[in-house]
Amino acid sequence: MKKALITGITGQDGSYLSRLLLDKGYEVHSIVRRAALEDPDHRLSRIRYLLDDIHIHSASLESFPSIFRIVDKIQPDECYHLAAQSYVSYPFEDEFSTMTTNINGTHYILSSLHSQKPDCRFYFAASSEMFGKVHEVPQHEETRFHPRSMYGISKVAGFDLTRNYREAYDMFALSGILYNHESPRRGFEFVTRKITHHAAKIKLGLADELRLGNLEAKRDWGHSNDYVKAMWLMLQQEEPDDFVVATGETHSVREFVERAFELLNLDYKQYVVEDPLFYRPAEVDILLGDASKAKTKLGWEPEYSFEDLIQEMVEADLELLKKKHNL
Ligand code: GDD
């Protein structure tokens, strides 16, 4: 039985990926912080239904000894490094923790694998945020990076660390350059979930407005459940290589809002307020990915359309709120 180690299992991607790996017969291990173990109802909510099937270990990406110990103990065949401070945030105090956690955490895992399990296959969750102020549209694996946030910069560093372990130590280490991917399990701080949750609230009379930042930013939005399949496929190839994973369609935040409200028979213009509080000092204006390489070499195809994604998220939020408020 193959053993997989997932970091970031409590997030959206971690929950879909662990289901996928369990269905494929893997023994699934993960690390979570002690605080999450002490508050499982809240912090492990996305994987509550998997808790009996996966092995959870207490470790922190900020502690090299704890990562080293876990890697040595589990001896994983595949490692999916998804954990990161993943919200693109600008407050000054967040800059340092984003850089420290994201860069050091990746380095600690790579170094531990190199010394304790060098034949483990390693997946790094890189991001389209690395393209930032894009040098071309659409972006592909050879497009130059130009990150516009500490988060993006930390992901470029993680990408380079991964590439360097591959080249210097001959490890099977690669990066998936994933574009925005969403689902009903998305965190409320990200724009898609903020929109679908508020639209459902407005429909049920639980809110009367939705405050958003830049409505003209464009993103290539896919579904998390499609994207975790690409992660797995990448680690099954003969040679390690980096891949862009995207739908090849871009839509503005405005289009997303319009469609989500339309599905509830609402006119977004009556409820959406543009609030400069949510503007970013260095915005990424447009992201559009060219996933030809993933399609040709991995045989990967997304199943969800933009429409399907919004519909699933809106319906799930309506249900969630109805249950919560006994409606
Ligand atoms: N979060 C948020 N809140 N974003 C808003 C809002 C708002 O009220 N109003 C407009 N936006 C715009 C942002 O300015 C941005 O252009 C776009 O909506 C998407 O923002 P997010 O959903 O926060 O995602 P992101 O694109 O910054 O980052 C996500 O995608 C990356 C891949 O490109 C995250 O999932 C990253 O972790 C991921 O790497």
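For ligands, and for the atoms within them, numbers begin at 1 and follow the listed sequence. Quick caveat: nothing in here was measured; it's all calculated off a predicted structure. Values below: all heavy atoms of this structure, side chains included; hydrogens, waters and symmetry mates excluded.
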Neighbouring protein residues of ligand 1 - any heavy atom closer than 4.0 Å: Ser86, Tyr87, Val88, Ser127, Ser128, Glu129, Tyr151, Leu178, Asn180, Arg186, Glu189, Phe190, Val191, Lys194, Leu212, Gly213, Asn214, Ala217, Arg219, Val253, Phe278, Arg280, Glu283, Leu287
Main-chain N/O of Leu327 paired with His325 side-chain donor or acceptor, under 3.5 Å: no
Cationic N near anionic O, under 4.0 Å, Glu182 to Arg193: no
Pair Tyr108-Glu62, side-chain donor/acceptor within less than 3.5 Å: no
Side-chain heavy-atom pair Ile109, Leu61 within 4.5 angstrom cut-off: yes
For the student: nearest non-hydrogen atoms of Tyr227 and Val245, plus distance: CE2-O, 3.6 Å
By salt bridge (charged side-chain N to carboxylate O under 4.0 Å, His left out) - contacts of Glu78 (at least two apart): Lys2
